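Some notes on the structure that comes next.
For clarity, every value in this text was computed on a predicted model and none was experimentally measured. Below, chains carry the letters A, B, ... as their sequence lines are ordered, and counting in each starts from 1.
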Amino acid sequence: METVEQIKARVEAAVPGAQLEIVRNGSPCAQHSIRVDPEHALAVARFLLIDPLLRLDYDSNVTAVDWLDAVTKETTKTKQVIDGVERDIEQTSERTRPGYLEVVHHLYSMELKQGPVILRLRTANRTDQTHVPSLTPVWRGAEFQEREAYDLYGIIFDGHPDLRRILMWDEFKDHPMRKDYVEPDDYEYEPTPHDEVLEKAKQHRAGQLK
Amino acid sequence: MSERGDSLGTSVAPAPYTLLSKPAGNGSQPTDLLEISMGPQHPSTHGVFRMDVVLDGERVVKLKPIFGYLHRNHEKIAENTTYLASIPYTDRLDYFCSLTNNWAYCLAVEKLAGLQVPERAEYIRIITAELTRLQNHTCLGGFLLQDMGATGTPLMYAFREREKILDLFEELTGARMMCNYMRFGGCRCDLPNGWLDQAKAVVAEFPRFLDEFENLLNENEILMSRTQGVGVLSKELAVNSSITGPMLRATGINYDLRKVDRYGIYDRFPFRVPLGDHGDVYDRYMVRVLEMRESLKILEPALRDIPAGPIVDPKAKLRGFRPKAGEAYGRIEAPKGELGFFLISDGSPNPYRYRVRPPSFINLTILEDMCLGQHVADVVIILGSVDIVLGEVDR
């Protein structure tokens, strides 16, 4: 099968304006993936489906990943002349990479028996702009899996035919697979006085006394 | 006059979620549609699973599967524990086939960390996985006939055979269903003395059961008329909807991961992939029966040729296991379809992302398409032929 670089070059030639980026994978299996911008994701998906060399007709696995805000510290050493003496000054600058939600598609070809080609789509942030295009119009197999990603991560798939909660009940508020999910305080009496049970009961009482 | 308003029943309070656009029974349509809820406590749903079905007479007009009653957020639990500690949890996904669940997870971890599996462990994995396939498919046949009204007999025949295989599992792993046997880089413990001979005896006896089962059922007129042409799935829809396993092969698509990916040492064994023709319930039943015969073709040489040697890669470090940052997707051909695990490591002892690709969950995508226009009694059979396990659907 073609390498991700070749696929990227051919997709860019076929879908004008598409911005693709190769995401490297450090593990020994070297399954590198291609990141697609949300605007062109549907066009790229259609190309991958019908392209005679790839024929990725099988969308095996659709899932989401929650990436929290990451703070990376960088220390730079500069030489400055202070009071006529040259000194090394260390400056630490903190760079915040805003968090985002990521949708990962593992595509295979049943016809040509090859794969995987891994597509990644990112949302703008984790709070109010969590939209990505749904690929269910191209691969029906994504239907339930995108509903699951919506349910558990809160990603809104534009163009999905039936975007409802699938595993949690409809009245449920939060998205439990997010990394910063806090479970609701629905403390019930537990007969085992383990330390964590006692701690939970204590917090529950404190919350009620407020 | 009832308290609810006029006796025509036009002021029925709207249900919070309903498939009907207008309430049933107001007499404004030529034939009244009826919305019924099948499940969650229905004997044919094999667990807690509900279908919201709209019927026009006896025919299905709309059907939406509703599940999640068994949801425990398996993926979150696994992200909060170490790689080793999630192996027993994988048993609970598809509780009929815990050994293949173990294998799929271990395969993904092995890909993530680049571990090798010793030869003997590969043989043990293939033997246990094919025995798992045998017991899953026998039970499915029994359950399918039970759903059709053949109460008792075929299911008991199937359970009698399954019991022999579960005895083997119990002797090997200590548990009948929750085996928790495989480890990344190999298996947990070596075969007990005499286990191979017992397994050989079970495998040698199995064709007799299959002959009996097939004689009883394959050309049974009731079975044929209830299943042939029922729940037909087209090739194109099956591929587009990511259907895998015997359901896909019943439509005639030759896609078996044991042949495509050749994971483990499946390339050393000669076996064929049975394919269906029509994609109906009968083909799904027959593909499974034929797959059992092919599994026996793998088991016989595997039990004969299994070499001596270590069963765990000496480099595999089970406790304090910290793979380098990266990700991997590993998949195997489980009895129900493609079972995949997607893992992202950030270098810590817990996976950053742990995802199960559950075959029976995704095979439910096209349940509505298969049931439209069918009789309501056939919905039970179509669902039975999908072969779902709610531990895996709901996770």
Handout entry: Pair A:Arg165 + A:Asp170, salt bridge at N-O below 4.0 Å
Key =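 Looking at A:Arg165 and A:Asp170, the cut-off is not met.
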
For the residue pair [X] and [Y], categorise the inter-ring angle as parallel (less than 30°), tilted (30 to 60°) or perpendicular (more than 60°).
X        : Y        : result
B:Phe321 : B:Tyr83  : perpendicular
B:Tyr105 : B:Phe184 : perpendicular
B:Phe67  : A:Phe144 : tilted
B:Tyr263 : B:Tyr266 : perpendicular
B:His74  : B:Tyr354 : tilted

Does one side chain, of [X] or [Y], offer a donor that lies under 3.5 Å from an acceptor on the other?
X        : Y        : value
A:Tyr58  : B:Glu338 : yes
B:Asn73  : B:Arg395 : no
A:Gln129 : A:Thr123 : no
B:Arg50  : B:Ser37  : yes

Per-residue contact mode, [X] against chain B (heavy atom under 4.5 angstrom):
X        : value
A:Asp151 : neither
A:Gln114 : neither
A:Val104 : side chain
A:Arg147 : neither
A:Leu152 : side chain
A:Ala64  : backbone

Practice task
Taking atom CD of B:Gln116 as the centre, report whether more than 12 heavy atoms of other residues, nucleotides or ligands fall under 6.0 Å from it.
Solution key: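 Counting other residues, nucleotides and ligands, CD of B:Gln116 stays at 12 neighbours or fewer.
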
Please state whether the side chain, the backbone, both or neither of [X] comes within less than 4.5 Å of a heavy atom of chain A.
X        : answer
B:Glu79  : side chain
B:Asn240 : both
B:Ala325 : backbone
B:Phe361 : both
B:Asp369 : side chain
B:Leu112 : both
B:Thr244 : side chain
B:Leu364 : both
B:Pro358 : neither
B:Lys324 : neither

Exercise for the section: Return the option, out of B:Arg331, B:Lys111, B:His71, B:Glu75, with the maximum number of heavy-atom pairs under 4.5 Å with chain A. Expected result: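 Sorted descending by pairs with chain A, the first entry is B:Arg331.
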
Practice task
Considering only heavy atoms and a distance below 4.5 Å, find which of B:Val239, B:Asp394, B:Leu237, B:Val260 pairs most often with chain A.
Solution key: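 Among B:Val239, B:Asp394, B:Leu237, B:Val260, the one with the most close pairs to chain A is B:Val239.
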
Handout entry: A:Leu121 to A:Val132 - nearest heavy-atom pair and separation
Key =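 Taking every non-hydrogen atom into account, CB-CG1, 4.3 Å.
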
Practice task
Between chain B and each of A:Pro116, A:Ser33, A:Ala142, A:Ser60, count heavy-atom pairs under 4.5 Å; write down the option with the most.
Solution key: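 Top option by heavy-atom pairs under 4.5 Å: A:Ser60.
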
